[in-house]
Amino acid sequence: MPGICWGFQLLILFVHHCYGFYLPGSYMHTYSTKDAIYAKVNSLTSIETELPFSYYSLPYCKPMGGIKKSAENLGELLMGDQIDNSPYRFRMNVNESLYLCTTSPLNEREVKLLKQRTRDLYQVNMILDNLPVMRITKQNGVNIQWTGFPIGYTPPNSNDDYIINHLKFKVLVHEYEGSGVQIIGTGEEGMGVISEADKTKASGFEIVGFEVIPCSVKYDPEVMTKLHMYDNISSVNCPLELDKSQIIREQERISFTYEVEFVKSDIRWPSRWDAYLKMEGSRVHWFSILNSLMVITFLAGIVFVILLRTVRRDLTRYEELDKEAQAQMNEELSGWKLVVGDVFREPKHSKLLCVMIGDGVQIMGMALVTIVFAALGFMSPASRGMLLTGMIILYLFLGIAAGYVAVCLWRALKGTAEGWRSLSWSVACFFPGIVFVILTALNFILWASKSTGAIPISLYFILLSLWFCISVPLTLLGGYFGTRAEPIQYPVRTNQIPREIPARKYPSWLLVLGAGTLPFGTLFIELFFILSSIWLGRFYYVFGFLLIVLLLLIIVCAEVSVVLTYMHLCVEDWRWWWNAFFASGSVSLYVFLYSINYLVFDLQSLSGPVSAVLYLGYSMIMAVAIMLATGTIGFITSFYFVYYLFSSVKID
């Protein structure tokens, strides 16, 4: 008891000395006037090729101390991010125009590379105080925001290309008064605790916006080469005439300059990402949810009729009869009651089914937990790669659940735990193996293209180590727990000889394929926004909507599978196991077809077979993951439905 009291007093003391707590993202930095701040550069990206390249693969100015890579997490490396330091230096609240460097005369290779990157619409992605640079353009009188700025541009009806070599930066700053707080950080991408401190330590300026206007300016190289890095130059107006812009051609010497203006802003630090995360078209998301709710209500009505009117009525009538009447009724039974001796017969390829169900539990658990945390604000866009890193870590540790569920199902099907080790190994290697094969094939393509999107060999070894040192042992541990769990006892006995299945007018797979359209109907609108964020470089941060859609998808998958299972049993088809899985799992086929539709009609700018192969490869991984997750939901729901249905049937 005294220990509890002491703990409570310490907690009160801690709360008294803390004003608040910043969740993940970059914690607040305050700068004093004239403090030096250096911008960083990420990989060059293009929506036309989807092949990221290093910023310094082009002849840009390099920092005085050499190129240094920033620490990258697992997610950043897998996404192809390569964040390096840059020579762009800003001094807080000092407006200045500065010279950087002049290149040596461009050779044929450099000209070809610059022209190719310009024609492929590659963007420079610059970061200041963890904020991506934003460019605002006007189209039809409407301001459109873009992250990054182009390498160069090609005027209409011209074969000449011009490079962006002068940048006009605008840095928005908010004066922080220092209300007796201090940020105690755990790292640039970590969490910050705010505690009481000396006011002078906390006061200063916060960076709350980072904008750029890119220009192409032709300089006299003879004059510019006499200058040194960070020498002051006169301010430049962006020229409109092409003869005053810097053309890309051999033997040209390109001078790089920039100017910076600091502007005071009322935007506070916690709101600085709002400009990037503006959610357009929220009505579309609500329409998607309303559409899903209508589908759910319709299916719930069907399930209600099946369970309460048909099944319950039949079972009640059956149980009211005496034994003699029951025996007579058994001869006159029709529909699902006739397959009572076969409904729990082991299906074909039962081991594969157990493996897929185990992996499905692992993927669905990972998706659900990740989206819940993201919806609660734990996955800040400021923490690059954290979403993917979190998903991988969750997937590894959920191996224990995958092994447990797979072995429990295996024991129910086989009546024994024999072979559980082999099954657990298969669960641990099935989905990761598919992903590994596809990623390796795509990686050879990326290596050949010399893209930063290629996974380094060192990262391959890290991923393999995580796989075999964490995921596999945990899956085996889960399988071991599965052998010790209470076995599932079927409510009815299985006959020795399988019952013959009557001929049907139409194949069962046709019904299964049709069932996938209903879950897809709840998903496809949100899928468009997700694909746009992945392939068009947009921020996706409406995780609250995504969580609602995921929960609705789970309900629809469960309902569709139950209805389809009941329909199969009613026509005396006792092979419901795989049908239940693919009734909801077939949504993945429509997701993959929609991805192809998106490639053809929405990614028309995507150029070259390499980009198309990359897109289809990643879409295939997504479709397989969706098939395993949704199929598992449908199967588990159908299993408990069938178990409930036949648990009241007493036939000897």
Side-chain angles (χ1 to χ4, degrees), residues 41-60 72 75-84 108-127 132-133 135 137 144 146-156 158-164 214 248 384-385 388 438-456 459 528 530-540 592 595-622:
V41 285
N42 204 339
S43 301
L44 305 172
T45 55
S46 166
I47 60 170
E48 285 220 345
T49 66
E50 301 298 343
L51 294 169
F53 290 99
S54 168
Y55 174 81
Y56 292 108
S57 63
L58 297 181
Y60 284 125
E72 293 167 327
E76 283 180 310
L77 289 168
L78 288 171
M79 290 191 301
D81 287 352
Q82 184 179 307
I83 300 174
D84 301 312
E108 184 183 353
R109 189 192 69 83
E110 289 171 332
V111 168
K112 185 180 177 183
L113 200 58
L114 278 169
K115 280 180 167 288
Q116 185 182 343
R117 298 284 185 267
T118 301
R119 298 281 174 99
D120 286 340
L121 305 181
Y122 270 87
Q123 301 272 322
V124 176
N125 300 294
M126 201 170 282
I127 304 162
V133 71
R135 174 171 56 100
T137 59
I144 297 179
W146 306 86
T147 52
F149 57 89
I151 285 170
Y153 63 92
T154 307
S158 173
N159 288 323
D160 292 327
D161 302 289
Y162 296 84
I163 191 170
I164 299 297
I248 301 172
R384 291 171 187 81
L388 189 55
I438 294 174
L439 282 183
T440 303
L442 296 179
N443 220 43
F444 280 118
I445 296 170
L446 290 166
W447 273 331
S449 304
K450 297 180 180 177
S451 168
T452 59
I455 301 172
L459 185 58
F528 170 80
I530 293 168
L531 290 175
S532 297
S533 73
I534 295 171
W535 300 106
L536 296 179
R538 296 173 186 167
F539 284 103
Y540 184 88
F592 188 69
S595 301
I596 294 171
N597 172 78
Y598 186 84
L599 171 65
V600 174
F601 295 104
D602 293 284
L603 283 181
Q604 293 174 348
S605 60
L606 202 67
S607 60
V610 170
S611 303
V613 168
L614 286 172
Y615 175 86
L616 292 173
Y618 292 128
S619 298
M620 181 67 75
I621 292 172
M622 180 176 68

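Since the model is a prediction, treat every value here as computed from it, not as a measurement.
- Note that OG of S46 and CZ of R119 are 14.0 Å apart. Values are rounded to the nearest 0.5 Å.
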Working note: V613 + I445, criterion side chain to side chain contact (heavy atoms under 4.5 Å, CB included); need CA distance, chi angles, decisive distance, verdict.
CA-CA 9 Å; V613 168; I445 296 170; 3.5 Å; yes
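- Considering CG of L121 and CD of E48, their distance stands at 4.5 Å, rounded to 0.5 Å.
- For the pair W146 and T137, the minimum side-chain heavy-atom distance is below 4.5 Å.
- Of all the heavy atoms in P52 and T45, the pair that sits closest is CB-CG2, 4.4 Å.
- With sequence neighbours left out, T118 forms a side-chain hydrogen bond (donor to acceptor under 3.5 Å, both in side chains) with no residue at all.
- S43 places a side-chain N or O within 3.5 Å of a backbone atom of Q82 that can act as its donor or acceptor partner.
- Using a distance-only test at 3.5 Å, with no hydrogens or angles considered, a donor-acceptor pair links the side chain of R135 to the main chain of G148.
- You'll find the side chain of L58 reaches within 4.5 Å of the side chain of L113, heavy atoms only.
- Of the possible donor and acceptor atoms, one in the side chain of Y615 sits under 3.5 Å from a partner among the backbone N and O of S595.
- Looking at residues two or more places apart in sequence or on another chain, you find a ring-ring contact (aromatic ring centres under 6.0 Å, His included) between Y162 and Y153.
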Criterion side chain to side chain contact (heavy atoms under 4.5 Å, CB included) on N125 and L44, from CA distance to verdict
CA-CA 6 Å; N125 300 294; L44 305 172; 5.7 Å; no
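- Once rounded to the nearest 0.5 Å, the distance linking CG of L614 with CD1 of I438 reads 12.5 Å.
- For S158, there are no side-chain hydrogen bond (donor to acceptor under 3.5 Å, both in side chains) partners, not counting sequence neighbours.
- Judged purely by distance below 3.5 Å, without hydrogens or angles, the side chains of S619 and Y598 never pair a donor atom with an acceptor atom.
- Cation-pi geometry between R117 and Y122 is met: under 6.0 angstrom from the ring centre, within 45 degrees of the axis.
- Here the closest heavy-atom approach between residue N159 and residue K115 is recorded as O-NZ, 3.6 Å.
- Note that OH of Y56 is 6.0 Å distant from CG of D84, once rounded to the nearest 0.5 Å.
- The two residues P150 and I164 come nearest to each other via the heavy atoms O-CG1, 3.3 Å.
- With sequence neighbours left out, W447 forms a ring-ring contact (aromatic ring centres under 6.0 Å, His included) with F444.
- Counted within 6.0 Å of CE on M622, heavy atoms from surrounding residues, nucleotides or ligands total more than 12; the atom is thus considered enclosed.
- For the atom pair S532 OG and I47 CD1, the distance stands at 10.5 Å (nearest 0.5 Å).
- Listed by chain and residue number, Y460 satisfy the side-chain hydrogen bond (donor to acceptor under 3.5 Å, both in side chains) test with T440 (two or more places apart in sequence, or in another chain).
- Looking at residues two or more places apart in sequence or on another chain, you find no side-chain hydrogen bond (donor to acceptor under 3.5 Å, both in side chains) involving N443.
- Rounded to the nearest 0.5 angstrom, L114 CG and R109 CZ are separated by 9.5 Å.
- Screening V124, D120, D161 for a side chain to side chain contact (heavy atoms under 4.5 Å, CB included) with I151, the sole residue that qualifies is V124.
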